> 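Got a structure here, written out as structure tokens. Questions coming.
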Amino acid sequence: MLKIATWNVNSIRSRLEHVSDFLSSQIPDILLLQETKCTDDQFPHDQFSSMPYNVSLHGQKSYNGVAIFSKYPIDEVKTNFDGNPIPDQARFLEITCNTPVGYSRIISVYVPNGGEVGSDKFAIKLDFLDGLKAYLDSIQSKDENLIIGGDFNVAPFDIDLYDPEVLKNTTCCTEVEKEKMLALLGDNFADLYRIANPDLQEFSWWDYRSAGFARNHGLRIDFLLANENAARKLKECYIDKSYRSLKKPSDHVPVVAVFGV
DNA sequence: ATGGTCGCTTGGCGA
């Protein structure tokens with residue numbers, strides 16, 4: 001069995017209690033974090049030192065930052081991918097480790113939000129998605145499990161948006177972003193939540209502003225993706241919405257997948 | 001078209 005989760009925590013230092021609670025009550029074998037928003041020196045290791053995790057970090061000051069918690073010893077570590085148009089921003093972390101469902105290459109990624117549609121930042125987001133697709137295709141393997149989790153900042157299908165009409169042509173919902181995301185999935189990667197729940201409409205993010213969560217104005221922009229070797233072992237995949245109801249929540253909630261042999 | 005709320009930091013920026 002392998003239980004893996006991804007969560008954009010919007011600052012690890014502001015989410016210490018929620019992340020600690022998640023680790024001790026949900027007991028994932030591997031946890032992928034995004035938007036840790038601190039340097040590796042600032043990372044609150046003490047909070048987690050009593051828990052059975054190896055931690056790999058790729059942080060930076062104030063913004064971005066990704067991390068991976070793993071119960072299994074971490075072998076290789078990569079903090080960037082070839083073709084990343086913004087390699088100075090900490091948005092990518094890849095590890096390998098041996099798991100009960102086979103040797104696995106696991107990635108935590110934070111895709112740029114993109115700002116205003118048509119802006120320079122938006123163009124960089126599209127380039128990032130292109131570069132990430134090319135990289136992921138280049139590391140495909142029939143032997144390894146390949147699992148990518150993170151905040152992709154794209155809602156690829158109408159069912160992933162609270163209101164496709166209202167959100168038409170807004171950031172995360174434009175046709176060109178959807179094309180990039182679908183191209184990234186291609187034939188190589190499965191969207192695990194959608195495989196497990198073909199018709200469910202659930203979201204992974206709700207805006208802090210305008211009472212987004214209370215009105216269920218959300219998007220599904222956080223994903224766990226897997227190659228065929230891993231996807232065929234999928235037992236379940238779900239979104240744990242409960243973490244959005246806590247005091248001082250992240251604006252994102254965990255997405256969880258369980259694999260078996 | 002703007003602002004709504006957070007988290008970084010302490011004046012705005014990013015989301």
Side-chain angles (χ1 to χ4, degrees), chain A residues 6-22 32-45 47 57-67 84-93 108-129 132 149-156 160-163 165-174 176-178 180-181 203-223 239 241-255:
Chain A
T6 184
W7 193 4
N8 179 326
V9 290
N10 186 21
S11 168
I12 185 65
R13 290 175 294 178
S14 288
R15 229 60 65 197
L16 278 180
E17 288 187 21
H18 295 355
V19 174
S20 298
D21 172 88
F22 182 77
L32 313 176
L33 298 177
Q34 299 87 38
E35 281 206 270
T36 52
K37 289 189 170 178
C38 64
T39 62
D40 295 354
D41 286 347
Q42 294 171 316
F43 195 87
H45 288 284
Q47 186 76 17
L57 300 175
H58 184 199
Q60 73 177 80
K61 181 179 158 65
S62 305
Y63 302 113
N64 310 314
V66 285
N84 182 357
I86 40 173
D88 293 342
Q89 298 183 17
R91 297 178 175 275
F92 179 92
L93 182 60
S108 177
V109 65
Y110 175 44
V111 174
N113 170 282
E116 294 286 319
V117 175
S119 66
D120 290 349
K121 279 186 186 171
F122 190 80
I124 288 168
K125 175 184 191 174
L126 300 181
D127 289 345
F128 188 97
L129 287 166
L132 184 62
D151 175 0
F152 285 75
N153 268 313
V154 181
D160 301 318
L161 317 155
Y162 76 87
D163 189 332
E165 281 308 308
V166 166
L167 295 167
K168 202 175 179 66
N169 299 325
T170 63
T171 301
C172 303
C173 308
T174 66
V176 65
E177 288 164 279
K178 292 181 195 175
K180 300 291 184 195
M181 186 69 194
F203 307 127
S204 65
W205 169 87
W206 298 260
D207 205 321
Y208 285 128
R209 299 167 292 187
S210 311
F213 186 61
R215 298 196 288 168
N216 200 29
H217 283 190
L219 302 174
R220 190 174 72 95
I221 53 177
D222 299 272
F223 298 89
I239 294 173
K241 191 174 150 181
S242 67
Y243 284 84
R244 193 63 172 79
S245 302
L246 301 178
K247 253 176 95 173
K248 273 195 55 168
S250 171
D251 43 355
H252 300 250
V253 294
V255 182

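Naming: A, B, ... by sequence-line order, numbering from 1 per chain. For clarity, every value in this text was computed on a predicted model and none was experimentally measured.
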> What is the distance, rounded to the nearest whole Å, between atom CZ of F43(A) and atom P of dC8(B)?
13 Å
> Identify, between Y110(A) and R209(A), the residue whose nearest nucleotide on DNA chain B lies closer to the 5' end.
R209(A)
> With a 4.0 Å cutoff (strictly under), does any side-chain N or O of K121(A) reach OP1 or OP2 of dG14(B)?
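Checking dG14(B) against K121(A), a side-chain N or O does come within under 4.0 Å of OP1 or OP2.
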> Got a sec, which residues hit ring pair (Phe, Tyr, Trp, His ring centres under 6.0 Å) with F213(A), two or more places apart in sequence or on another chain?
W206(A)
> Rounding to the closest angstrom, what is the interatomic distance between dA15(B) and dG4(B) at atom C1'?
13 Å
> Which whole-number value in Å describes the distance from W205(A) CH2 to dT5(B) P?
14 Å
> Please confirm whether the shortest side-chain N or O distance from R15(A) to OP1 or OP2 of dG7(B) is below 4.0 Å.
yes
> Please report the distance separating the P of dT2(B) from the corresponding atom of dC6(B), rounded so that it comes out in whole Å.
23 Å
> Distance check, C1' atoms only: dG3(B) and dG12(B), in whole angstrom units.
16 Å
> Does the plane of the ring in Y162(A) sit parallel, tilted or perpendicular to the ring in H217(A)? Use 30° and 60° as the thresholds.
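Correct class here is parallel.
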> Touch check for R91(A), heavy atoms < 4.0 angstrom, all strands: base, sugar-phosphate only, or nothing?
sugar-phosphate
> Report which part of the nucleic acid S62(A) touches: base, sugar-phosphate, or nothing (heavy-atom distance under 4.0 Å, all strands).
sugar-phosphate
> Any heavy-atom pair between the side chains of K121(A) and P112(A) that's under 4.5 Å?
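No; the side chains remain at least 4.5 Å from each other.
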> Can you measure D251(A) atom CG to dG7(B) atom C1' for me and round it to whole angstrom units?
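In whole Å, dG7(B) C1' lies 10 Å from D251(A) CG.
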> Check the distance between dC13(B)'s C1' and K37(A)'s NZ and give it to me in whole angstrom.
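In whole Å, dC13(B) C1' lies 10 Å from K37(A) NZ.
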> Residues in ring pair (Phe, Tyr, Trp, His ring centres under 6.0 Å) with H18(A), at least two apart?
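Ring pair (Phe, Tyr, Trp, His ring centres under 6.0 Å) list for H18(A), sorted by chain: empty.
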> Please give, in whole Å, the distance from dG14(B) C1' to N10(A) CG?
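Atom CG in N10(A) sits about 10 Å away from atom C1' in dG14(B).
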> Just the rounded figure in Å: distance from P of dT5(B) to NZ of K247(A).
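After rounding, the gap between these two atoms is 18 Å.
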> Starting from C1' on dA15(B), measure out to NZ on K125(A) and report it in whole angstrom.
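Answer to the nearest Å: 11 Å.
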> Should S14(A) be listed as having a side-chain N or O under 4.0 Å from OP1 or OP2 of dC6(B)?
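No, because none of the side-chain N or O atoms of S14(A) sits under 4.0 Å from OP1 or OP2 of dC6(B).
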> NA contact type, F213(A), heavy-atom cut-off 4.0 Å: base, sugar-phosphate, or nothing?
nothing
